[in-house]
Amino acid sequence: MTTADTALRDERQDEFDALIAADQRIEPRDWMPEAYRRTLIRQISQHAHSEIIGMQPEGSWITRAPSLKRKAILMAKVQDEAGHGLYLYSAAQTLGITRDEMTAQLIDGRAKYSSIFTYPTPTWADMGAIGWLVDGAAICNQVPLCRASYGPYGRAMVRICKEESFHQRQGFEILLTLMRGTDAQREMAQDAVDRWYWPSLQMFGPPDEASPNSAQSMAWKIKRFSNDELRQRFIGMLVPQAEVLGVRLPDPELRWDDAAGRWHTGEIDWDAFAEVLAGRGPLNAERLRHRREAHEDGAWVREAAAAYAAKKRAEQTATTTPEHDPASDPLPREAVAS
Ligand code: FAQ
């Protein structure tokens, strides 16, 4: 690198730092440090993959929902998750990675996706617990991301959060209906809460002291709060809601610690979390196999869409070319006239 190159780079770095310090947005056209770009690609693509893999646990209940109304709601919710994945893939593409590269990383098993989606959904109450706990944790984590320093990510998150908050309410309402039902329905709701509570706390990521990316991501204002801060906020949100529902949060040690000014909780099983991240969670293999098969089954759709787009482009070029050669028309003029 020449001295002039170094000076230009320093100047750009200063501009970038000033934008971050002033809480301004970084846009795709702006210069950004390579590490910032890589961090965003990592986080946004993992987030997109999570939304897409996250369609599976609930998708399996669409045909088994207990009423037409529940089926319509669930179908709309799962479709929303697909939309979230697409906004996020688009945001990541503005950073110079292609959709094909991200898809390959996911189906080859190289990319991470949220630990929460490796757990099974054996009962209808799981739809309630996912909405209440998983979407609830997602909102807690994602509302601050609406202010992420990278423009396309923050803007995508605004719409996503509006939809997630509806999802959370529909999950709460499923659980409330079950809790007002028969003993068997109440037991089913409690059982689902028992199984989803701890994994939902893990969604926020490892404890702060074991989170290698947090400090830099917070300095860049991608993340606005640490993993533990958000986990605490989530617990504070759940406690009164659990009371309204009449469900028990399955942590006998859970209590507000006035002196420490935080929730005291039992030990989170970080070994189980590490197993899931290593691809050895209950349904990791199943989730990836399903995604891979869906990708292969969809090959003809992608080919047809690409062929159609190529045809439209060719038609457009033909009509905008000043010296248009009639011989290149798809149908001879006489055939059209007759
Ligand atoms: N699962 O240093 P940190 C949803 C990884 S969307 C798997 O703390 P960071 C909607 C992390 O990637 C749910 N891996 O990392 C929905 C890193 O690995 P790497 C997804 C995890 O990035 C609802 C390593 O551990 N939400 O639920 C997890 O600063 C219902 C060290 O961690 C988002 O993606 C985990 N739980 O903080 C859909 C939100 N936690 O890459 C369907 C955006 C950590 O260095 C149905 N993402 N890891 O190899 C974030 O806010 C952050 O990326 C964190 C992790 C907080 C997830």
Side-chain angles (χ1 to χ4, degrees), residues 35 38-61 74 76-85 87-88 91-92 105-106 110-119 121 126-148 150 153-154 156-157 160-161 163-168 170-171 196 198-220 222-231 233-234 268 270 272-279 281 284 287:
R38 277 201 311 272
T39 293
L40 282 165
I41 290 178
R42 178 185 65 79
Q43 176 164 331
I44 302 173
S45 65
Q46 283 177 3
H47 193 166
H49 299 325
S50 304
E51 300 280 358
I52 298 299
I53 295 285
M55 294 166 73
Q56 293 186 33
E58 288 167 291
S60 73
W61 273 94
L74 189 60
K77 179 184 190 278
V78 172
Q79 211 167 1
D80 282 351
E81 312 299 358
H84 298 174
Y87 311 151
L88 291 164
Q105 288 171 357
L106 176 63
R110 279 176 287 146
K112 286 198 172 75
Y113 58 87
S114 182
S115 52
I116 195 77
F117 300 120
T118 188
Y119 295 97
T121 46
D126 289 316
M127 300 304 98
I130 289 183
W132 181 45
L133 295 170
V134 176
D135 286 282
I139 295 170
C140 246
N141 165 263
Q142 293 173 20
V143 165
L145 291 174
C146 296
R147 292 190 295 122
Y150 188 57
Y153 191 29
M157 291 317 304
I160 292 176
C161 284
E163 293 178 351
E164 298 292 18
S165 94
F166 168 74
H167 295 169
Q168 199 246 359
Q170 69 86 40
W196 289 92
W198 289 103
S200 74
L201 296 187
Q202 294 174 339
M203 282 175 73
F204 295 90
D208 291 350
E209 64 278 11
S211 164
N213 301 298
S214 277
Q216 183 59 76
S217 287
M218 286 173 71
W220 278 327
I222 298 170
K223 285 168 88 161
R224 297 282 178 157
F225 299 97
S226 76
N227 299 355
D228 286 331
E229 282 168 342
L230 292 174
R231 203 173 353 258
R233 189 180 282 196
F234 178 56
I268 298 179
W270 293 114
F273 176 75
E275 281 295 290
V276 169
L277 262 58
N284 276 125
R287 298 289 184 237

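In this text, all values refer to a predicted model and were calculated from it rather than measured experimentally. Both ligands and their constituent atoms are indexed starting at 1 by order of listing.
Between Lys77 and Asp80 there is no salt bridge, since no side-chain N of the basic residue sits under 4.0 Å from a carboxylate O of the acidic one. Salt-bridge check for Arg233 with Glu229: failed, with every basic side-chain N at 4.0 Å or more from each acidic carboxylate O.
At a 4.0 Å heavy-atom cut-off, ligand 1 touches Leu145 through the side chain alone. Contacts between His167 and ligand 1, counted as non-hydrogen atom pairs separated by less than 4.0 Å, are absent for every part of the residue. When heavy-atom distances to ligand 1 are checked against a 4.0 Å cut-off, Lys77 comes that close only through its side chain, counted from C-beta outward. Residue Tyr113 touches ligand 1 through its backbone alone, judged by heavy-atom distances below 4.0 Å. The proximity of Met203 to ligand 1, defined as any non-hydrogen pair under 4.0 Å, involves the side chain as well as the backbone. No part of Met55 comes within 4.0 Å of ligand 1, judged by heavy-atom distances. Within the 4.0 Å heavy-atom criterion, the part of Lys112 lying near ligand 1 is the side chain and not the backbone. Neither the backbone nor the side chain of Val276 comes within 4.0 Å of ligand 1, counting heavy atoms alone. At a heavy-atom distance under 4.0 Å, only side-chain atoms of Phe273, from C-beta outward, approach ligand 1.
When the heavy-atom distances from atom 15 (O) of ligand 1 to Ile222, Asp228, Asn213 are ranked, the shortest goes to Asn213. Taking each of Ala148, Ala138, Gly205 in turn, the one with a heavy atom nearest to atom 4 (C) of ligand 1 proves to be Ala138.
Taking only nitrogen or oxygen atoms, main chain and side chain alike, Glu58 does not reach within less than 3.5 Å of ligand 1. Of the polar atoms of Glu81, none of the N or O atoms is found under 3.5 Å from an N or O of ligand 1, judged by distance alone.
Ligand 1 does not have Leu230 within reach: every non-hydrogen atom of the residue lies 4.0 Å or more from it. Distances from ligand 1 to the non-hydrogen atoms of His84 include no value under 4.0 Å. Every heavy atom of Phe225 sits 4.0 Å or more from the atoms of ligand 1. For Ser217, the heavy-atom gap to ligand 1 stays at 4.0 angstrom or more.
Although no hydrogens or angles enter the test, the distance criterion places a donor-acceptor pair under 3.5 Å between the side chain of Arg224 and the main chain of Arg147.
The distance from ligand 1 to the heavy atoms of Gln142 drops below 4.0 Å at these ligand atoms: 6 (S), 26 (N). Against a heavy-atom cut-off of under 4.0 Å, Gly54 is close to the following atoms of ligand 1: 42 (C), 46 (C). Ligand 1 places these atoms under 4.0 Å from at least one heavy atom of Lys223: 8 (O), 9 (P), 29 (O), 37 (O).
A donor and an acceptor atom, one from each side chain of Gln46 and His49, are nowhere located under 3.5 Å apart.
Summary of contacts: the protein heavy atom closest to atom 1 (N) of ligand 1 is Ser115 N, 2.8 Å. Scanning all protein heavy atoms for the shortest distance to atom 25 (O) of ligand 1 gives Leu277 CD2, 3.6 Å.
Ring geometry for His84 versus Tyr87: interplanar angle of 30 to 60°, hence tilted. A tilted orientation is assigned to the rings of Phe234 and Phe204, their planes being inclined by 30° to 60°.
Counting heavy atoms from C-beta on, the side chains of Val134 and Phe117 come closer than 4.5 Å.
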